[in-house]
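Order of the sequence lines fixes the chain letters, A, B, ..., with proteins taken first and strands second; residue numbering starts at 1 for each chain. The figures that follow rest on heavy atoms only: side chains count, while hydrogens, waters and symmetry mates do not.
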Amino acid sequence: MASKDQSTPPPADNLTKGPTVPSNFIRFIIDEDMETGKWGGRVHTRFPPEPNGYLHIGHAKSICLNFGLARDYRGLCNLRFDDTNPTKEEIEYVESIKEDVRWLGYDWDDREYYASDYFDQLYGFAMSLIRAGNAYVDSLSADEIRKYRGTLTEPGRESPYRERSVEENIDLFQRMKDGQFEDGAHVLRAKIDMAAPNIIMRDPTLYRIRHVPHHRTGDRWCIYPMYDFTHCLSDSIERITHSICTLEFENNRELYDWVLNQLELYHPQQIEFARLNLSYTVLSKRKLIRLVDEDHVSGWDDPRMPTISGIRRRGYTPESIRNFCERIGLAKRDSIVDIALLEHCLREDLNRRAPRVMGVLRPLKVVIENYPEGHVDMLDALNNPEDPDAGMRQVPFSREIYIERDDFMEEPPKKFFRLAPGREVRLRYAFFITCRDVVKDSATGEIVELRCTYDPATRGGDAPDGRKVKATLHWVSAAHAINAECRLYDHLFTKENPNETAEGKDFTAYLNPDALEILSDCKLEPGLLQATSGFPYQFERLGYFVVDAKDSREDRMVFNRTVTLRDTWARIQKRRK
RNA sequence: UGGGGCGUCGUCAAGUGGUAAGACACAGGAUUUUGGUUCCUGCAUUCGGAGGUUCGAAUCCUCCCGCCCCAGCCA
């Protein structure tokens with residue numbers, strides 16, 4: 001960037017700020033609107049979830065987009081519940097949605113709206129359409145309407161009720177509202193064109209009868225407006241400028257525009273973008289509901305789920321998700337983002353902020369034969385090498401400790417530099433130890449204990465004689481350890497794209513049986529007793545962990561592994577197989 | 001074989017007629033008391049294909065190919 005004034009140095013954060021928000025086609029549209037003054041310099045977006053399920057990471061993309069645009073252009077973003085189908089929607093979902101949006105770090109102030117708040121106005125607009133001869137009450141059955149609609153290649157036929165008089169339509173629609181008809185007896189339809197090449201325009205249904213109470217309006221209504229009628233009008237009522245939705249609504253834009261044009265109302269611009277797909281998981285509400293209903297997972301907030309509540313419980317941070325949503329970009333082509341990018345954003349954030357601790361997942365007892373019995377050393381350990389302000393803590397060391405079973409091999413292969421018979425390694429922040437003997441269960445042959453010796457001169461982890469070791473192991477003093485349960489998570493599916501199914505199979509066939517591994521005999525350093533949920537820790541050399549918000553108890557702590565550390569050794573092993 | 005969209009590295013994605021950004025992944029190497037972090041290095045002579053226009057094309061034109069969406073009284 002060229003500086004115009006040579007006497008003024010460029011701002012320092014020009015270089016340190018990191019990647020700026022990349023532009024995209026929606027920002028181009030808005031930039032142009034700002035130049036032409038199309039909306040009087042306003043940007044007003046909305047995030048319009050239907051409260052019929054929990055939000056997932058795909059919604060996060062939309063949330064970050066809509067709220068992010070409002071933030072960057074000094075505009076506003078509304079939270080609006082698209083609650084026009086009382087058979088599917090529940091109050092539980094609106095509460096969870098609000099919690100999730102807030103957790104992601106966004107604020108809608110007092111602009112919490114519900115399409116159901118507009119039912120009166122919507123009814124009035126429907127009446128206007130009828131009076132103008134642009135809508136009619138149809139008395140065909142659902143089945144008949146489908147048959148009359150035609151196909152992709154053949155035009156539809158007009159309903160015999162299409163030419164009812166305005167008066168009759170008004171009367172019928174009023175009586176629909178008054179509850180004089182059964183579900184399905186009539187619908188209100190837009191009168192457009194049964195031969196339209198866009199099937200959506202073949203006299204779309206605007207209202208249907210449903211004698212079902214609504215979670216907000218109760219029994220006040222028994223007719224409910226359809227999405228296409230509701231959404232554009234809600235946007236219009238809220239003076240939205242850019243109505244951003246996903247690609248599958250591209251066909252619906254013609255109807256969005258038609259309704260607003262017929263009614264001659266304030267007319268936002270609908271813009272479509274490609275929804276997020278992530279490898280090794282599914283991101284459709286229908287499929288997520290099945291995972292919950294069929295007990296493939298423990299619930300919407302199961303840490304294996306890609307739901308916001310699931311990944312929150314798993315230990316993901318809002319910052320990492322926001323960052324991810326910026327990095328994936330925005331376009332109109334269908335794509336599947338590599339879940340490794342999400343994990344990268346997570347590690348990047350966690351590495352900076354998570355205090356380091358030691359925890360042994362699969363303990364192997366080590367007795368230090370030349371260490372005095374009953375003695376305890378308090379050793380200084382760095383809380384976070386990435387953060388000098390994080391300070392130090394003390395960790396107890398004693399004659400009997402636990403190390404990770406994976407850190408010892410009786411017959412080590414070439415590139416294994418951890419502990420082995422006769423080999424010396426460093427115990428982090430403690431001493432060098434050398435393995436002298438391997439104790440096995442005489443019956444099973446299983447290794448039950450290691451006998452080692454330590455070098456007292458290496459206290460803290462450095463040898464005064466300058467000798468080096470190839471590995472540093474984490475450890476926990478046996479007498480001081482907390483017993484805890486750790487839940488290790490992996491990708492929910494074994495297939496990169498579980499939506500792509502073989503003949504006769506469905507996506508559940510690719511569920512990963514190892515997506516959850518429960519380890520119930522973990523040994524953690526004593527300081528972890530203070531750990532509370534929502535606060536991430538790095539278990540050194542293993543990964544990032546967080547207290548499970550639901551199942552952890554004071555006398556039985558439960559930790560979730562949020563994500564592993566990158567593991568070069570594991571990759572080497574995998575390559576070998 | 002109707003209509004609406006979309007095809008740029010393994011995965012995302014910039015690029016808007018002037019000679020293919022970046023990120024992730026991957027592969028090497030350096031530093032390291034985490035096989036972590038960090039730091040270097042490499043990674044599309046070519047943009048779905050074929051023609052054409054142009055001094056010059058991923059960008060413009062023509063034809064072809066492939067993928068996604070729409071036939072709910074779901075959203």
Side-chain angles (χ1 to χ4, degrees), chain A residues 19 22-24 28 48-50 52 82 84-85 87-89 138 140-143 145-147 149-156 183-184 186-189 195-202 204-210 223-224 226-228 230-231 245-254 272 274 279 285-286 327-345 347-348 351-352 356 358 381-382 385-386 415-418 426-430 432 458 460-462 468-474 496 538-543 564-572:
Chain A
S23 200
N24 55 57
F28 280 133
E50 181 190 13
N52 69 341
D82 224 328
T84 59
N85 186 356
T87 61
K88 286 190 180 172
E89 295 149 7
D138 196 358
L140 250 27
S141 70
D143 207 44
I145 285 181
R146 177 161 24 86
K147 283 175 183 142
R149 188 153 28 226
T151 68
L152 294 178
T153 49
E154 303 159 88
D183 286 9
H186 310 279
V187 290
L188 183 72
R189 288 232 252 170
N198 180 357
I199 292 178
I200 299 221
M201 299 301 278
R202 318 239 259 232
T205 303
L206 267 21
Y207 268 89
R208 75 285 217 189
I209 301 171
R210 282 243 206 293
I223 56 171
Y224 292 95
M226 301 285 289
Y227 165 85
D228 285 307
T230 308
H231 204 92
C245 60
T246 46
L247 246 35
E248 65 269 29
F249 291 101
E250 214 147 19
N251 296 316
N252 301 57
R253 190 177 62 231
E254 193 177 351
E272 310 85 14
S279 59
K285 254 188 215 175
R286 209 200 96 242
R327 297 235 229 157
I328 54 178
L330 190 73
K332 292 193 71 162
R333 63 182 90 108
D334 290 314
S335 60
I336 302 178
V337 175
D338 191 340
I339 198 165
L341 213 213
L342 212 212
E343 293 169 345
H344 168 83
C345 293
R347 290 189 182 107
E348 185 177 65
N351 177 51
R352 248 182 322 164
R356 273 58 170 171
M358 289 193 287
L382 234 36
E386 300 294 317
K415 285 190 175 167
F416 183 87
F417 1 102
R418 280 110 95 147
R426 171 169 38 234
L427 294 178
R428 178 136 237 226
Y429 300 126
F432 284 11
T458 58
D462 277 310
K468 302 287 181 203
V469 288
K470 290 200 84 175
T472 300
L473 311 187
H474 60 277
E496 192 169 332
Q538 183 194 105
F539 288 11
E540 290 212 44
R541 305 208 303 133
L542 297 174
T564 61
L565 254 30
R566 277 182 66 217
D567 191 343
T568 317
W569 170 238
R571 249 186 302 162
I572 292 170

For [X], which contact category applies under a 4.0 Å heavy-atom criterion: base, sugar-phosphate, or nothing?
X	answer
A:Asp183	nothing
A:Gln538	base
A:Thr205	sugar-phosphate
A:Asn251	base
A:Ile328	sugar-phosphate
A:Arg428	base
A:Met201	nothing
A:Lys415	base
A:Asp228	nothing
A:Arg566	sugar-phosphate
A:Phe539	nothing
A:Ala340	sugar-phosphate
A:Phe28	base
A:Thr84	sugar-phosphate

What's the gap between [N] and [M] when it is taken at their [atom1] atoms, as a whole Å value?
N	M	atom1	answer
B:G4	B:G15	C1'	25 Å
B:A20	B:A30	C1'	30 Å
B:U45	B:U1	P	33 Å
B:A14	B:U53	P	32 Å
B:U59	B:G29	P	40 Å
B:U34	B:A13	P	37 Å
B:G22	B:C39	P	15 Å
B:U31	B:C40	C1'	11 Å

Nucleotide paired to [N] in any strand shown, Watson-Crick or G-U, under 3.5 Å:
N	result
B:G51	B:C61
B:U11	B:A23
B:G35	none
B:A44	none
B:G66	B:C6
B:C73	none

Is A:Arg327 close enough to B:A23 that one of its side-chain N or O atoms is under 4.0 Å from OP1 or OP2 there?
no

Let me see the working for A:Met226 and A:Val187 under side-chain contact (heavy atoms from CB on, under 4.5 Å), right down to the final yes or no.
CA-CA 11 Å; A:Met226 301 285 289; A:Val187 290; over 6 Å; no

Nearest-Å distance for atom pair [atom1]/[atom2], residues [X] and [N]:
X	N	atom1	atom2	result
A:Met226	B:C70	CE	P	14 Å
A:Arg426	B:U34	CZ	P	7 Å
A:Ile336	B:C68	CD1	P	11 Å
A:His186	B:C73	NE2	P	16 Å
A:Arg418	B:G36	CZ	C1'	12 Å
A:Leu152	B:G3	CG	C1'	9 Å
A:Asn24	B:A23	CG	P	19 Å
A:Glu496	B:A25	CD	C1'	11 Å

Look at the side chain of A:Asn251 and the backbone N and O of A:Asn198, then say whether any donor-acceptor pair between them is shorter than 3.5 Å.
no

Heavy-atom donor-acceptor pair, A:Arg347 side chain to A:Thr564 backbone, under 3.5 Å
yes

Considering non-hydrogen atoms only, spot the tightest contact between [X] and [Y] and give its length.
X	Y	result
A:Lys332	A:Leu247	O-CD2, 3.1 Å
A:Asp82	A:Glu50	O-CG, 3.4 Å
A:Met201	A:Ala196	CB-CB, 3.7 Å

Taking only residues two or more places apart in sequence, or in another chain, which ones meet A:Tyr207 in a ring-ring contact (aromatic ring centres under 6.0 Å, His included)?
A:Phe173, A:Phe229

Contacts of A:Phe432 that satisfy ring-ring contact (aromatic ring centres under 6.0 Å, His included) - sequence neighbours left out
none

Does any N or O donor sit under 3.5 Å from an N or O acceptor when you compare the side chain of A:Glu272 with the base of B:G4?
no

Which comes earlier along RNA chain B counting from the 5' end, the contact point of A:Asp334 or that of A:Val337, where each point is its nearest nucleotide?
A:Val337

With nearest nucleotides of RNA chain B determined for A:Ile199 and A:Leu341 from heavy-atom distances, which residue corresponds to the more 5′ nucleotide?
A:Leu341

B:G51 glycosidic conformation (syn if within 90° of 0, otherwise anti) is anti

Would you indicate which nucleotide in B:C12, B:G2, B:A75 comes nearest to any side-chain atom of A:Thr153?
B:G2

